[in-house]
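Have a look at the structure below, then the notes.
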Amino acid sequence: IIASQLVVPEEINVNWKDIAGLDHLIKELRETVILPIQKRELFADSRLTQPPKGVLLHGPPGCGKTLIAKATAKEANMSFINLDVSLLTDKWYGETQKLAAAVFSLAVKLQPCIVFIDEIESFLRTRTQHDHEATAMMKTQFMSLWDGLITDPTCTVIIMGATNRPQDLDKAIQRRMPATFHVPMPSETQRERILQLILQSEPTAPDIEYRRLAMATEGFSGSDLHELCRQAAVYRVRDLARDELAREQQTQETKSNTSDSDEEYVDA
Ligand code: ATP
């Protein structure tokens, strides 16, 4: 298996401007994760100020964890590897150990680099006696590769995990992720900001009341708000398309009626 065929760095096209309502979190990420990458020589000087090699984003689904991970990579000018854990947990694969080693060596080659692992708990959950032998070996190997990054002060590879079940994560993994951020369900004010961002370049009614929309969407995640706006936009275009089609058909009918009466006139 050639890792470069299965694991490829992703081109990122989002940045902080694509995230609404999470200014405080962005500030924290800037100081905890990005600054140590940008000023590595200052932070790497002492064991006490080593930059984090593990970052955990936790919170409910659809609230921007993936978006934040990608924007962090973009803003820090880091490569981004989105690691599909099913590649590492597929028991029939047989080559997963080589693959894990290849992922880490690719990340080191591309550093500074973020290796993003969505639903990290599905792969690095609390170890039990019932673990499949291959799974247990995989976890141990993954952790020892990770430790290799942690102990190398010159290395700028960060494992960034996302989960909505942080309690299921192995304690040993939690220790390797000293920078932990909660990405919550958006509040009313945050929903208002997210809606404004999603609709900022859309043709909306001039009197749109974002505050009222935010109030009416209690319990919606950022992803739900995006879907709501998408549906509204599609309905609007469908209405336009239907009207335009009806107009065209009417013009067609008028034309053919006129030409029928012309023929009648010629016949006569
Ligand atoms: P999951 O746990 O399901 O993987 P997630 O927390 O990683 O979800 P994202 O995939 O980052 O969520 O977000 C999904 C989509 O929701 C984004 O692509 C974006 O359109 C929208 N979104 C979520 N949160 C925000 C936000 N704070 N600002 C702007 N858009 C947002």
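For ligands, and for the atoms within them, numbers begin at 1 and follow the listed sequence.
Residue-to-ligand polar distances place G62 within reach of ligand 1: an N/O pair is separated by less than 3.5 Å. Distances between N or O atoms of A20 and those of ligand 1 include at least one value under 3.5 Å. Residue I194 has no nitrogen or oxygen atom sitting less than 3.5 Å from a nitrogen or oxygen atom of ligand 1, judged on distance alone. Looking at ligand 1, you won't find any N or O of L197 less than 3.5 Å from one of its N or O atoms.
Using a distance-only test at 3.5 Å, with no hydrogens or angles considered, a donor-acceptor pair links the side chain of Q190 to the main chain of S187. Distance alone, capped at 3.5 Å, places no donor-acceptor pair between the K53 side chain and the P178 backbone. Checking side-chain atoms of K65 against main-chain N and O of V183 turns up no donor-acceptor pair under 3.5 Å.
Few gaps surround CD on E227; more than 12 heavy atoms of other groups in view lie less than 6.0 Å from it. Shown here is E11, whose CD atom has no more than 12 heavy atoms of other residues, nucleotides or ligands within 6.0 Å. Summarising the local packing, CZ of R193 is surrounded by 12 or fewer heavy atoms from other residues, nucleotides or ligands at distances under 6.0 Å. For E248, the CD atom counts as densely surrounded, since its 6.0 Å shell holds more than 12 non-hydrogen atoms of other residues, nucleotides or ligands.
Listed by atom number, the atoms of ligand 1 under 4.0 Å from D118 heavy atoms are 4 (O). Ligand-side atoms of ligand 1 in range of D18: 28 (N), 29 (C), range being under 4.0 angstrom from any heavy atom. Of all the atoms in ligand 1, the ones that sit under 4.0 Å from a non-hydrogen atom of L22 are 27 (N).
By the criterion of a heavy-atom distance under 4.0 Å, the backbone of C63, and not its side chain, is placed next to ligand 1. Under 4.0 Å from ligand 1, not a single heavy atom of L225 appears. Of the heavy atoms in T66, both backbone and side-chain atoms come closer than 4.0 Å to ligand 1. The side chain of H226, and not its backbone, has at least one atom closer than 4.0 Å to an atom of ligand 1 (non-hydrogen atoms only; side chain from C-beta on).
Using a 30° and 60° split on the angle between ring planes, F142 and F104 fall in the perpendicular class, above 60°.
The shortest contact between atom 17 (C) of ligand 1 and any protein heavy atom is with L67 CD2, 4.2 Å. The protein non-hydrogen atom at the shortest distance from atom 12 (O) of ligand 1 is G64 N, 3.1 Å. Among protein heavy atoms, atom 14 (C) of ligand 1 sits closest to S223 CB, 3.8 Å. Among protein heavy atoms, the minimum distance from atom 2 (O) of ligand 1 is reached at K65 NZ, 3.0 Å.
Between R165 and E119 there is no salt bridge, since no side-chain N of the basic residue sits under 4.0 Å from a carboxylate O of the acidic one.
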